[in-house]
*Asks:* 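Before I ask anything, let me first share the structure, which is written out below as structure tokens.
Scope of the values below: all heavy atoms of this structure, side chains included, with no hydrogens, waters or symmetry mates.
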Amino acid sequence: MKLIRYGAAGKEKTGLIIDDIKYDTSAFGEDYNEAFFENDGLNRLQQFISTNKGNLTKIADGERLGSPVARPSKIVCIGLNYKDHAEETNAPLPKEPILFFKSTTALVGPNDDIIIPKNSVKTDWEVELAVVIGKKASYVDESEAMDYVAGYALHNDVSEREFQLERNGTWDKGKGCDTFAPIGPFLATADEIKDVHNLRLWLTLNGKTMQDGSTSNLIFNIAYLISYTSQFMTLLPGDIISTGTPAGVGLGFKPPLYLKPGDVVELGIDGLGEARQVLKAYEKN
């Protein structure tokens with residue numbers, strides 16, 4: 001299944017994509033959140049679709065898409081998980097996964113604007129594969145880790161490099177700014193993706209290709225990341241692990257290249273759709 005959430009920000013309704021057509025599933029009566037995943041929501045939704053497929057209402061063209069997962073308890077990200085990205089940023093290859101967090105308030109839809117933070121001069125892009133957790137995970141064995149996957153989604157791990165690297169403390173300062181976690185267009189359930197470790201992921205800036213990589217080049221694979229992360233924290237249903245980015249980020253250029261108002265970022269992953277984001281300057285409400 002391909003799950004979507006659509007409508008005005010903060011008031012999203014649920015839906016599905018079936019044969020490339022978007023349908024409303026509001027009658028199912030649940031958001032795609034922690035409780036949904038925890039209580040066998042995917043199977044119950046599949047049964048609902050089987051019973052009601054002929055009665056589903058099509059979603060009008062042009063409707064805004066939100067994140068396909070309602071705000072999770074946490075967004076865990078993995079740093080420097082592609083060898084070529086570590087090399088371009090002059091960072092040593094990690095001996096263990098680097099974990100950091102994006103704030104849940106960074107979560108937005110796949111085609112929402114990215115707001116360049118106040119006083120930012122080094123906002124950057126990172127196309128990534130996001131893994132959505134399907135059931136509570138604590139001290140999970142690597143051999144069983146893939147059983148905890150609900151599905152996958154496209155993610156732009158937007159980053160402010162000065163905040164991240166030059167302001168002391170953790171990376172989180174440059175990772176969790178508002179709008180810095182566009183996710184979607186949809187959540188593809190695990191059965192939709194035949195080989196998650198052989199997916200092309202790409203990103204363009206103003207029509208020029210910046211990133212063109214493959215999940216076959218992950219340093220730490222999905223099962224290892226789930227198992228590893230679960231040794232330090234409980235992963236709850238609906239939580240997101242973003243698995244790292246390949247080479248081609250702005251920080252890696254000589255001189256570095258950063259985003260400015262009016263720039264257009266487009267990105268995609270095999271089987272997980274495409275997204276488009278326009279950069280806007282911060283304005284006080």
Side-chain angles (χ1 to χ4, degrees), residues 1-5 14-18 20 22 32-34 36-38 41-43 45-46 65-78 81-82 97 102 104 107-111 126-137 140 142 144-157 181-203 211-230 235-246 266-275:
M1 292 186 292
K2 295 178 180 177
L3 283 62
I4 61 173
R5 297 171 67 253
T14 59
L16 275 180
I17 300 176
I18 302 173
D20 296 324
K22 300 181 182 71
Y32 301 149
N33 55 19
E34 180 181 338
F36 167 81
F37 291 106
E38 184 175 28
L42 290 176
N43 284 328
L45 179 62
Q46 182 67 69
L65 291 177
S67 164
V69 178
R71 185 181 295 178
S73 81
K74 50 190 169 291
I75 303 171
V76 185
C77 297
I78 311 300
N81 199 27
Y82 287 76
K102 296 182 86 76
T104 57
L107 191 68
V108 290
N111 303 309
E126 295 189 10
V127 60
E128 302 199 3
L129 169 71
V131 180
V132 179
I133 299 299
K135 58 183 179 180
K136 187 176 180 180
V140 172
E142 185 177 351
E144 300 175 348
M146 298 305 284
D147 295 338
Y148 290 78
V149 175
Y152 305 98
L154 171 64
H155 175 217
N156 187 357
D157 174 19
I183 293 182
F186 53 80
L187 165 68
T189 51
D191 60 292
E192 292 272 346
I193 303 299
K194 293 182 180 179
D195 184 359
V196 73
H197 295 107
N198 189 28
L199 301 177
R200 177 178 176 248
L201 62 171
W202 56 268
L203 181 145
Q211 295 184 273
D212 193 349
S214 171
T215 57
S216 64
N217 294 321
L218 287 168
I219 296 173
F220 304 107
N221 68 27
I222 307 304
Y224 185 85
L225 292 177
I226 293 170
S227 174
Y228 182 87
T229 305
S230 77
L235 296 168
L236 296 177
D239 279 357
I240 293 168
I241 299 178
S242 198
T243 58
T245 197
E266 295 175 283
L267 59 155
I269 299 179
D270 288 348
L272 297 176
E274 301 180 5

*Asks:* Quick check: closest heavy atoms across Trp202 and Glu266, and the distance to 0.1 Å?
*Replies:* CZ3-O, 3.5 Å
*Asks:* Quick check: does any side chain N or O of Asp157 sit under 3.5 Å from a backbone N or O of Glu126, one acting as donor and the other as acceptor?
*Replies:*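 Side chain of Asp157 to backbone of Glu126: no pair is present.
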*Asks:* Dump the intermediate steps for side-chain hydrogen bond (donor to acceptor under 3.5 Å, both in side chains) on Glu34 and Ser73, then the final yes or no.
*Replies:* CA-CA 8 Å; Glu34 180 181 338; Ser73 81; 5.3 Å; no
*Asks:* Mind checking side-chain contact (heavy atoms from CB on, under 4.5 Å) for Ser242 and listing every partner two or more places apart, or none if nothing turns up?
*Replies:* Cys77, Glu128, His155
*Asks:* Might you confirm whether atom NZ of Lys136 has over 12 heavy atoms from other residues, nucleotides or ligands at distances under 6.0 Å?
*Replies:*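 Incorrect, the count does not exceed 12.
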*Asks:* Using modelled atom types and a 3.5 Å cut-off, is there a donor and acceptor pairing between side-chain atoms of Asn217 and backbone atoms of Tyr82?
*Replies:* no
*Asks:* Who are the side-chain contact (heavy atoms from CB on, under 4.5 Å) partners of Asn221, not counting sequence neighbours?
*Replies:* Glu142, His197, Ala223, Tyr224
*Asks:* Taking the side chain as every heavy atom from C-beta outward, state whether Leu45 and Leu3 have any atom pair closer than 4.5 Å.
*Replies:*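 Side-chain contact under 4.5 Å: yes.
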*Asks:* Hey, does Thr243 have a side-chain heavy atom less than 4.5 Å from the side chain of Leu225?
*Replies:* yes
*Asks:* Starting from the C-alpha separation in whole Å, work towards a yes-or-no answer on side chain to side chain contact (heavy atoms under 4.5 Å, CB included) for Phe36 and Leu42.
*Replies:* CA-CA 8 Å; Phe36 167 81; Leu42 290 176; 3.9 Å; yes
*Asks:* Are any of the side-chain heavy atoms of Lys74 and Leu236 separated by less than 4.5 Å?
*Replies:* yes
*Asks:* Looking at Arg5 and Ser67, would you say the former's side chain and the latter's main chain have a donor-acceptor pair under 3.5 Å?
*Replies:* yes
*Asks:* Sub-3.5 Å donor-acceptor pair from the side chain of Ser230 to the main-chain atoms of Ala137, do we have one?
*Replies:* no
*Asks:* Got Tyr228 and Ile78 here, is their nearest side-chain heavy-atom distance under 4.5 Å?
*Replies:*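 Of all side-chain heavy-atom pairs linking Ile78 with Tyr228, none is under 4.5 Å.
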*Asks:* Going through the checks in order, is the side chain to side chain contact (heavy atoms under 4.5 Å, CB included) test met by Leu129 and Leu272?
*Replies:* CA-CA 9 Å; Leu129 169 71; Leu272 297 176; 3.4 Å; yes
*Asks:* Would you say Val132 and Pro72 make side-chain contact, with heavy atoms under 4.5 Å?
*Replies:*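 No, every pair of side-chain atoms sits at 4.5 Å or beyond.
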*Asks:* If you compare all heavy atoms of Pro110 against all heavy atoms of Gly184, which two are closest, and at what distance to 0.1 Å?
*Replies:* CB-C, 3.5 Å
*Asks:* Apply side chain to side chain contact (heavy atoms under 4.5 Å, CB included) to residues Leu267 and Leu201 and explain how you reach the verdict.
*Replies:* CA-CA 8 Å; Leu267 59 155; Leu201 62 171; over 6 Å; no
*Asks:* What distance separates Thr229 OG1 from Ile226 CD1, expressed to the nearest 0.5 Å?
*Replies:* 8.0 Å
*Asks:* Would you check if the side chain of Asn81 reaches a backbone N or O of Phe220 as a donor-acceptor pair within less than 3.5 Å?
*Replies:* yes
*Asks:* Check whether any side-chain N or O of Thr215 sits under 3.5 Å from a backbone N or O of Asn198 as a donor-acceptor pair, and report yes or no.
*Replies:* yes
*Asks:* May I ask you to test the Ile241-Leu235 pair for a side-chain heavy-atom distance under 4.5 Å?
*Replies:* yes
*Asks:* Please report the interatomic distance CD1(Ile269) to CG(Leu154), rounded to the nearest 0.5 Å.
*Replies:* 5.0 Å
*Asks:* In Å, rounded to the nearest 0.5 Å, how long is the span from CZ of Arg71 to CG of Leu107?
*Replies:*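 The CZ atom of Arg71 sits 7.5 Å away from the CG atom of Leu107.
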*Asks:* Flag the pair Pro68 / Ile183 as yes when at least one side-chain heavy-atom distance between them is below 4.5 Å, and no otherwise.
*Replies:* yes
*Asks:* Can you name the nearest heavy-atom pair linking Gly134 to Pro237, along with the distance?
*Replies:* O-CB, 3.9 Å
*Asks:* Can you name the nearest heavy-atom pair linking Ala145 to Ser227, along with the distance?
*Replies:* CB-N, 4.3 Å
*Asks:* Donor-acceptor pair, Tyr32 side chain versus Phe37 backbone, under 3.5 Å?
*Replies:* no
*Asks:* Roughly how far, to the nearest 0.5 Å, is CD1 of Ile240 from CD1 of Ile133?
*Replies:*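 Reported value, rounded in 0.5 Å steps: 10.0 Å.
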*Asks:* Are Ile219 and Pro97 close enough that some pair of their side-chain heavy atoms sits under 4.5 Å apart?
*Replies:* no
